[in-house]
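First up is the structure itself, then whatever we jot down about it.
Note that the structure is predicted; figures quoted are calculated from it, not measured. In this chain, numbering begins with 1 at the start of the sequence shown.
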Amino acid sequence: MENKYSELIMLNLLYNVLLQAKQQNTDKKVNSIYVQQAIDYICENYDKNIKIGDMANHLNVDRTYLYRLFKRECGLSPQKYLLNFRMKIALNKLKDTQKSISEISQACGFGQVSLFYHQFKKIYNDTPLNYRKLYRGIV
């Protein structure tokens, strides 16, 4: 019973994290329905190996057209948006779960842990493990 309760709490936390990340990433007014649908696609599929071509195919629009719309309305490319979204989810998982770095990396759509480490270090100037330790006050 307690395990089931813990699982429900974790699912609720994950839902709130996803909702927050989506809200933070869509603070700018998005005029194009295609861009909004692409953002929705990212939010639903961030944990998979998706590319702009996948989004464009899903929306039945030209890849270049979607890229230009997205860049104009969001100020960054769809791939950069996806990376930022994944990193926000990863930060929350590092803070709020006991999952390993490898599990978090996979859950956030990074095919290789080394890629996750590289991107994390590039964006936050620290490793995921150090971030977790600092956040939890272990260091």
Side-chain angles (χ1 to χ4, degrees):
M1 181 71 174
E2 187 176 309
N3 199 15
K4 184 85 166 162
Y5 182 70
S6 296
E7 187 177 322
L8 287 173
I9 290 173
M10 289 305 295
L11 286 173
N12 187 38
L13 284 171
L14 180 59
Y15 173 77
N16 287 332
V17 165
L18 289 171
L19 196 60
Q20 253 183 346
K22 182 178 177 184
Q23 186 63 39
Q24 288 172 355
N25 282 315
T26 56
D27 282 343
K28 292 182 178 180
K29 179 132 174 65
V30 174
N31 294 320
S32 169
I33 190 71
Y34 291 128
V35 173
Q36 186 56 58
Q37 288 175 343
I39 289 170
D40 291 343
Y41 185 83
I42 288 170
C43 292
E44 294 167 10
N45 297 284
Y46 72 91
D47 58 336
K48 299 173 183 73
N49 182 22
I50 58 174
K51 298 179 178 29
I52 187 167
D54 300 326
M55 287 180 251
N57 288 337
H58 178 75
L59 301 173
N60 293 319
V61 297
D62 180 69
R63 179 191 177 286
T64 305
Y65 176 70
L66 179 60
Y67 179 90
R68 286 183 185 148
L69 273 178
F70 207 101
K71 185 91 169 165
R72 183 178 67 218
E73 293 193 24
C74 296
L76 60 160
S77 71
Q79 284 305 116
K80 185 70 173 171
Y81 184 97
L82 172 63
L83 177 62
N84 290 344
F85 188 85
R86 284 175 170 166
M87 284 299 173
K88 286 179 183 178
I89 299 297
L91 285 176
N92 283 303
K93 287 180 181 281
L94 287 167
K95 292 188 292 188
D96 300 331
T97 71
Q98 296 298 321
K99 291 186 176 190
S100 71
I101 305 299
S102 179
E103 289 173 312
I104 291 171
S105 169
Q106 291 294 333
C108 291
F110 293 94
Q112 299 173 336
V113 179
S114 59
L115 177 61
F116 174 62
Y117 265 89
H118 174 76
Q119 292 295 340
F120 196 95
K121 185 126 174 112
K122 185 177 172 183
I123 293 170
Y124 300 113
N125 293 320
D126 206 351
T127 66
L129 187 57
N130 281 343
Y131 174 83
R132 174 179 266 172
K133 286 179 181 178
L134 286 170
Y135 181 79
R136 294 185 178 169
I138 297 172
V139 176

Should Leu91 and Tyr135 be marked as a side chain to side chain contact (heavy atoms under 4.5 Å, CB included) after you check the CA-CA gap, both sets of side-chain angles, and the distance that decides it?
CA-CA 10 Å; Leu91 285 176; Tyr135 181 79; over 6 Å; no
With no hydrogens and no angle check, is any side-chain donor or acceptor of [X] less than 3.5 Å from a backbone partner on [Y]?
X      : Y     : result
Arg132 : Leu94 : yes
Asn57  : Gly53 : yes
Glu73  : Ser32 : yes
Asn92  : Ile89 : no
Thr97  : Lys93 : yes

Around atom [atom1] of [X], are there more than 12 heavy atoms from other residues, nucleotides or ligands closer than 6.0 Å?
X      : atom1 : result
Lys95  : NZ    : yes
Lys48  : NZ    : yes
Glu103 : CD    : yes
Tyr34  : OH    : no

Parallel, tilted or perpendicular: which fits the ring planes of Phe85 and Tyr81, with parallel below 30° and perpendicular above 60°?
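Parallel.
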Single hit among Gln106, Met87, Arg86 for side-chain contact (heavy atoms from CB on, under 4.5 Å) with Phe116:
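By the side-chain contact (heavy atoms from CB on, under 4.5 Å) criterion, Phe116 pairs with just one of Gln106, Met87, Arg86: Met87.
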Test side chain to side chain contact (heavy atoms under 4.5 Å, CB included) applied to Asn60 and His58, step by step
CA-CA 6 Å; Asn60 293 319; His58 178 75; over 6 Å; no
What's the separation between atom SG in Cys108 and atom OH in Tyr46, rounded to the nearest 0.5 Å?
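Answer for the SG-OH pair, Cys108 versus Tyr46, is 6.0 Å.
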